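Not measured: the values here are computed from a predicted model. The chains referred to below are lettered A, B, ... by the order of the sequence lines, with proteins before strands, and numbering in each begins at 1.
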Number of protein chains: 2
Amino acid sequence: MTLGKEIDGKAFAAGLRGRIADIVPGFVAQKGRKPGLAVVLVGEDPASSVYVRSKGKATVEVGMESLEFKRPAMISQEELIELVEELNADDSVDGILVQLPLPKHLDDAAVIATIDPAKDVDGFHVVNAGKLAVGDPTALVPCTPLGCLMLLKDELGDLSGKEAVVIGRSNIVGKPMAQLLLGESCTVTIAHSRTHDIASVVHRADIVVAAVGRPEMVKGSWIKPGATVIDVGINRVPAEEEGKTKIVGDVATAEAINHVAAITPVPGGVGPMTIAVLLRNTLVAAHVRAGLPVPEGL
Amino acid sequence: MTLGKEIDGKAFAAGLRGRIADIVPGFVAQKGRKPGLAVVLVGEDPASSVYVRSKGKATVEVGMESLEFKRPAMISQEELIELVEELNADDSVDGILVQLPLPKHLDDAAVIATIDPAKDVDGFHVVNAGKLAVGDPTALVPCTPLGCLMLLKDELGDLSGKEAVVIGRSNIVGKPMAQLLLGESCTVTIAHSRTHDIASVVHRADIVVAAVGRPEMVKGSWIKPGATVIDVGINRVPAEEEGKTKIVGDVATAEAINHVAAITPVPGGVGPMTIAVLLRNTLVAAHVRAGLPVPEGL
């Protein structure tokens, strides 16, 4: 029995960041400024603070401008929307990311709806969801599913005609993932909590994308021998050692690894892609906004 | 062998038009004006002229205002966009429909993008595609797939957990159909010209929606016994009698009728729904624009 390949998302992400870093100087030379990513952080949530710091660091490392806007948790909806409008109007800002979730008194959807779709590097604005749905190439696509697609194309090449099953139907992963795979001419099925006999539905797939947020829900026996598996889950569970925790995905990888062609590990698979794709989206947005062609290799 | 039921789209559409006609007087009483549908027809294409006339007649029959704007085929893009902008600004217009296709020198997409999404009763604007994708209940949904969903819910009741296969991935039927079925918690597969072994993919389905525009492409043997079939195709083919033509769907109905639970005939199934749903969308748009709750039964 041969072991399936572990897809190295960390290495792919590093390569993507390298290509971005190679392209940035050309943009700077043409426009006289760096591409700029503005990240808005409301409140003191420790996890959100860590994410925002990582994004800022990665942005600077590829030669782009990182702008952080920290606001107190008690900021009003009006003040936050005013800040987003200022960033919309600021020509040095190419990408705007509002770190979610926002404190409970704020309306995530209303804030996201305020972002200029051309600067919506998270791809959460309804205009970008619509552009993705109709196949408009100017869509800014949510980072996680776009990162998954990049890994799949790198691993498999042409995806046309392959049977893909996406498990999960969230607006930020499952649904855009299905749209992207359809755009690559896969036969796409979306499975979810109401799906009957999900094991046999998943068993049809050449490509499985699991995005449910439930630890090791997808059993090894569900997966067809030779399939390629993308595990989007990041679930913290108790570790063997008392009092410790560990991170596992949505797929029972130990059960699947012997018969899959390839699978993304957790951690180290999809996770590292997200920030790299955010930088990619920012660089694409900068080019599109400047009327420049989108460079190859992004 | 029992014959499958023929789903009577004509009767359902008549019922829907009746419910619309019952609701219109209440709107008129509250707002002091009729809901208004503006249809723009460019050029003299005979088929388009017939469609526009039918839409106008149906609009008046349910008590709404029909406004027709006929423009010569040589109208410029700027003039056409100006007309749409005037209709956007006109408060008595609740729905705007630009009859497609436009003459070749005009840009369909740019014209559609000009329509106020709140008046886009065809549901073709990217904002409505995005709202449908993210599950926003204020989405205006393309008439044909919404009509198909109405027939399915009328026939089957709760669709949750059913296996649905949509054949075809156009922006006006296949893709929104898949979104609607996903919204009803079906397990949804989208099949298309690049799908391998499409017969076996279709054979999984409890619900088949065929929207490919190829006469009788879907064979009876592809369809699982007991499935419910919606045939969106309207294809003109040579009739048995020399020199005559007839209309057939995308499904080989004669092969399927003995083992399906129910199927929409062609003509008389999906076709009659389209205009009724257009009137429904116009009435919904009128209520939403007026800040009134959307009435039950639409």
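Using a 4.5 Å cut-off between heavy atoms, B:V201 contacts chain A through its side chain alone, with no backbone atom that close.
A:H192 contributes a side-chain N or O that, together with a main-chain N or O of B:C186, makes up a donor-acceptor pair within less than 3.5 Å. B:K131 places no side-chain N or O within donor-acceptor distance of the main-chain N or O of A:V126, the cut-off being under 3.5 Å.
Comparing B:S193, B:S160, B:A129, B:S170 by heavy-atom pairs within less than 4.5 Å of chain A, the highest count is held by B:S160. With respect to chain A, the highest number of heavy-atom pairs below 4.5 Å among B:I172, B:I190, B:D136 belongs to B:I190. Ranked by heavy-atom pairs under 4.5 Å with chain A, the list B:T187, B:V165, B:D197 is led by B:T187. For the options B:V188, B:I198, B:T195, heavy-atom pairs under 4.5 Å to chain A are most numerous at B:V188. Interface summary for chain B: among A:V134, A:N128, A:L132, A:V127, the most heavy-atom pairs under 4.5 angstrom belong to A:V134.
In this structure, CZ in A:R194 is found 12.0 Å from NZ in B:K162, a value given to the nearest 0.5 Å. Taken from CG in B:L182 to OG1 in A:T189, the straight-line distance is 11.0 Å, to the nearest 0.5 Å.
Between B:R204 and A:E163, at least one side-chain nitrogen of the basic residue sits less than 4.0 Å from a carboxylate oxygen of the acidic one, meeting the salt-bridge criterion.
In terms of heavy-atom proximity, A:R169 sits nearest to B:S185 at NH2-OG, 3.1 Å. Residues B:A133 and A:N171 approach most closely at O-OD1, 3.5 Å, considering heavy atoms.
Environment of NZ in B:K219: crowded, with over 12 heavy atoms of neighbouring residues, nucleotides or ligands closer than 6.0 Å.
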